[in-house]
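Throughout, numbering of the chain's residues begins at 1 and tracks the sequence.
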Amino acid sequence: MSTTPMAFGGILPDEARKRGMELLSLVGLGDRWNHRPVEMSGGQQQRVASPGGWANRPSVAALR
């Protein structure tokens, strides 16, 4: 999971990394933090996309 969105949100790098690991663990992918998207199944890629949207703690989340 990239911490770039959090950097733009003003979150310090150490906090962004910690938050990213928490979010990946939340969706069961904490052990795959260093894998590239091509090394993950389609379902794992989708599970990484959700925490990416939650990284900056939005007040509203749109679900489809």
Side-chain angles (χ1 to χ4, degrees):
M1 177 175 181
S2 173
T3 58
T4 304
M6 289 182 271
F8 284 111
I11 299 173
L12 297 173
D14 288 339
E15 179 62 27
R17 197 171 298 109
K18 179 182 172 191
R19 176 81 174 133
M21 291 301 293
E22 289 172 0
L23 290 169
L24 286 176
S25 293
L26 184 69
V27 295
L29 294 173
D31 61 331
R32 298 192 54 91
W33 67 270
N34 61 341
H35 287 72
R36 309 300 286 163
V38 296
E39 299 172 322
M40 295 183 183
S41 70
Q44 289 172 326
Q45 290 176 23
Q46 289 177 334
R47 290 185 355 227
V48 167
S50 295
W54 307 329
N56 285 332
R57 301 175 194 241
S59 58
V60 176
L63 304 174
R64 288 184 0 166

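- Scanning both residues, M40 and R32, for their nearest heavy atoms gives CE-O, 3.5 Å.
- Screening residues 36-51 for salt bridge (charged side-chain N to carboxylate O under 4.0 Å, His left out) gives no qualifying pairs among residues at least two apart or on separate chains.
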Please list every donor-acceptor pair under 3.5 Å in which a side-chain atom of residues 7-18 meets a protein atom from a residue at least two apart or in another chain.
residue, atom, partner, partner atom, Å
D14, OD1, R17, NH1, 3.2

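- Note that CE of M21 is 12.5 Å distant from CG of L26, once rounded to the nearest 0.5 Å.
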